[in-house]
2 protein chains.
Amino acid sequence: MVDAPHRKTLPRLDESLLTHLPPFSRLEKRQIRVILDQASSRRYDEGVAIFEEAHPAERFYMLLDGYVRVIRITPNGEQITALHIPAGQLLGMARAIGRDTYPATAMTASESLVLSWPMHLWDSFIRDYDGFATETYKTVGQRLGEVHNRVIEMATQQVEQRVANALLRLINQTGRKVETGIEIDFPITRQDLSELTATTLHTVSRVLSGWEKRGVVESKRKRITVRDPHALMVLSQG
Amino acid sequence: MVDAPHRKTLPRLDESLLTHLPPFSRLEKRQIRVILDQASSRRYDEGVAIFEEAHPAERFYMLLDGYVRVIRITPNGEQITALHIPAGQLLGMARAIGRDTYPATAMTASESLVLSWPMHLWDSFIRDYDGFATETYKTVGQRLGEVHNRVIEMATQQVEQRVANALLRLINQTGRKVETGIEIDFPITRQDLSELTATTLHTVSRVLSGWEKRGVVESKRKRITVRDPHALMVLSQG
DNA sequence: TTGGGAGTTTGTTCCAGAGCAAATTGCGAT
DNA sequence: ATCGCAATTTGCTCTGGAACAAACTCCCAA
């Protein structure tokens, strides 16, 4: 795949990769070196599972570049996206929450670069690295909060508001300024958006068409640009 | 309030209170003594807030007896129950997830007995007490899983299935055997159930009436008995 | 350059369940 | 006892958005 102009070149594997990331930010260069030497690094294509729900949690991961969706598959085969994870976060820390299988599937939403470590290192990371535990649990807490918000949203808001909210969250996390507005920095389909908002791709399509007519957004296939974030905020309120 | 026959007498404040609870189970009697001496204990009536969303997180809590609902209030004033917390769990551990305000409101679903400690003790609890951190985070992880499940449910299931699921969860957590089946061990209204399942009390009422006719449940005001849990499981599937 | 598949749009139908309204039942307080 | 309120039940109407169907558009690969 050729790098699109908006995609950062994939970083090389050196200390500077981790030093600015919260879970490692308090560590010395020497410690980071050790951590990197224990890591495997791997590039994933878009739409590939990094790990799958219910499988034994053998490794934990750090997403260096790209985006990941955390999904669950229902008995009837539909898949629901619970969370979007931006680069710089840990992933699959089953151990942190006392599990030995992954609680959900992690699927790349764009081409991604990922480090991973065998799970048996988890305890020593927690023990040896200052701030690692704190930051990890902060992350878990944030995710709990986000999922919590999803529940509220789905319980109380209409589809249009939910889509607006989802879009706002996406441009916050992964927005990139372009001349006509803010573009979502990775390929996203109507289908993806419908899984995020618990509706159908048809409805999402209609909603977006409507907004496009009113000049709120602009979209080509797999790509959405928000022209008027403020209008979206209004829409998201009800 | 007069103790109903099914309510355990409220426990006295001695070591045995905590020794069997996971976050403290690995501690010595001496340590538990210290912990108890630092605690305040308080009884709450039904339907009272223990702490409120967005307020400064000054204390953390252990629910010794009773049940607590974790709720959020929406801009339009509706309240949504995200979680039910049974006795024996910690509550309001904002610190654990790196926050200094409570992320949600905790409201008693029945008369409850609660211990609490000032939040500044949190770090020392984590540091000094073996297993406390692990168990805490296991709890946070479980809650993340539960909320996650709620999202899936709300996204993919019909109201009847959701109500069936909610009822099943409730009897698992707090069921009490009676001669006609399993009764939910605390007062619960149609309204409560509708907040749990993101529907209206009207619809819940209709659903329950239907089930009552078919002999699946039996209910008086604020009290529900499941006569045929198996039928409920079938209903919950779809 | 052309065919095919993935992604998208749009039209139409239909129904679960929300909203509104009103009656009924039971419990607790005086 | 009985009044008053809270909880529940039930009927009726109305609508958001799902479900089904079909056409269209873009992109890529041969």
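In what follows, chains are A, B, ... by sequence order, proteins preceding strands, each numbered from 1.
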## Note on the structure
If each end axis of the helix from C/dT1-D/dA30 to C/dT30-D/dA1 is fitted on five C1' pair positions, the angle between them, to 10 degrees, is 40°
### Query
Which pairs pass salt bridge (Lys or Arg N to Asp or Glu O under 4.0 Å) with one or both residues in residues 139-154 of chain A, sequence neighbours excluded?
A/Glu153-A/Arg169
### Query
D/dA7 phosphate, OP1 or OP2: any side-chain N/O from B/Arg190 under 4.0 angstrom?
no
### Task
Using atom types as modelled and distance alone, determine if a side-chain donor or acceptor of B/Thr174 lies under 3.5 Å from a backbone N or O of B/Leu170.
yes
### Query
Which residue pairs pass the salt bridge (Lys or Arg N to Asp or Glu O under 4.0 Å) test when at least one of the two sits in residues 197-217 of chain B, sequence neighbours left out?
B/Glu160-B/Arg214
### Query
Quick one: side-chain hydrogen bond (donor to acceptor under 3.5 Å, both in side chains) partners of A/Arg190, sequence neighbours excluded?
A/Ser219
### Query
Do the side chain of B/Ser110 and the main chain of B/Tyr67 share a donor and acceptor less than 3.5 angstrom apart?
yes
### Query
Between A/Glu53 and A/Arg72, is any pair of side-chain heavy atoms under 4.5 Å apart?
yes
### Footprint string (nucleotides 24-30 of chain D, 5' to 3'): B base within contact, S backbone only, - free, heavy atoms under 4.0 Å
-BBS---
### Task
List the steps and the verdict of side chain to side chain donor-acceptor pair (under 3.5 Å) for B/Thr200 and B/Thr203.
CA-CA 5 Å; B/Thr200 60; B/Thr203 301; 3.0 Å; yes
### Message
Please enumerate all residues that pass side chain to side chain contact (heavy atoms under 4.5 Å, CB included) together with A/Glu78, with sequence neighbours excluded.
### Response
A/Thr74, A/Asn76, B/Thr156
### Message
Can a donor-acceptor pair be found, under 3.5 Å and without considering hydrogens, that links the side chain of A/Arg59 to the backbone of A/Ser116?
### Response
yes
### Message
Quick check on contacts: within residues 198-208 of chain A, what sits under 4.0 Å from DNA chain C by heavy-atom distance?
### Response
A/Leu201, A/His202, A/Ser205, A/Arg206
### Query
For DNA chain D, which residues in residues 147-161 of chain A have a heavy atom at a distance below 4.0 Å?
A/Gln158, A/Val159
### Query
With a 4.0 Å cut-off, would you call B/Arg227 and B/Glu179 a salt bridge?
no
### Query
Which atom names give the shortest non-hydrogen contact between B/Gln237 and B/Gln161, and what distance separates them?
O-OE1, 3.4 Å
### Task
Find the distance B/Ile188:CD1 to D/dA7:P and express it as a whole number of Å.
13 Å
### Query
Quick one: does B/Ser236's side chain have a donor or acceptor within less than 3.5 Å of a partner on B/Val234's backbone?
no
### side chain to side chain contact (heavy atoms under 4.5 Å, CB included) against A/Val48, all qualifying residues, sequence neighbours excluded
A/Tyr44, A/Asp45, A/Thr108
### Query
Is there any ring-ring contact (aromatic ring centres under 6.0 Å, His included) pair reaching into residues 45-65 of chain B, and which pairs are they, with sequence neighbours excluded?
B/Phe51-B/Tyr61, B/Phe51-B/Tyr102, B/Phe60-B/Trp117, B/Phe60-B/Trp122, B/Phe60-B/Phe125
### Message
Could you work out, with side chain to side chain contact (heavy atoms under 4.5 Å, CB included) as the rule, every residue matching A/Glu195, not counting sequence neighbours?
### Response
A/Arg69, A/Gln79, A/Thr81, A/Gln191
### Task
Walking along DNA chain C from 5' to 3', note the first and the last nucleotide with an atom under 4.0 Å from a heavy atom of chain A, and give both.
C/dA6 to C/dT12
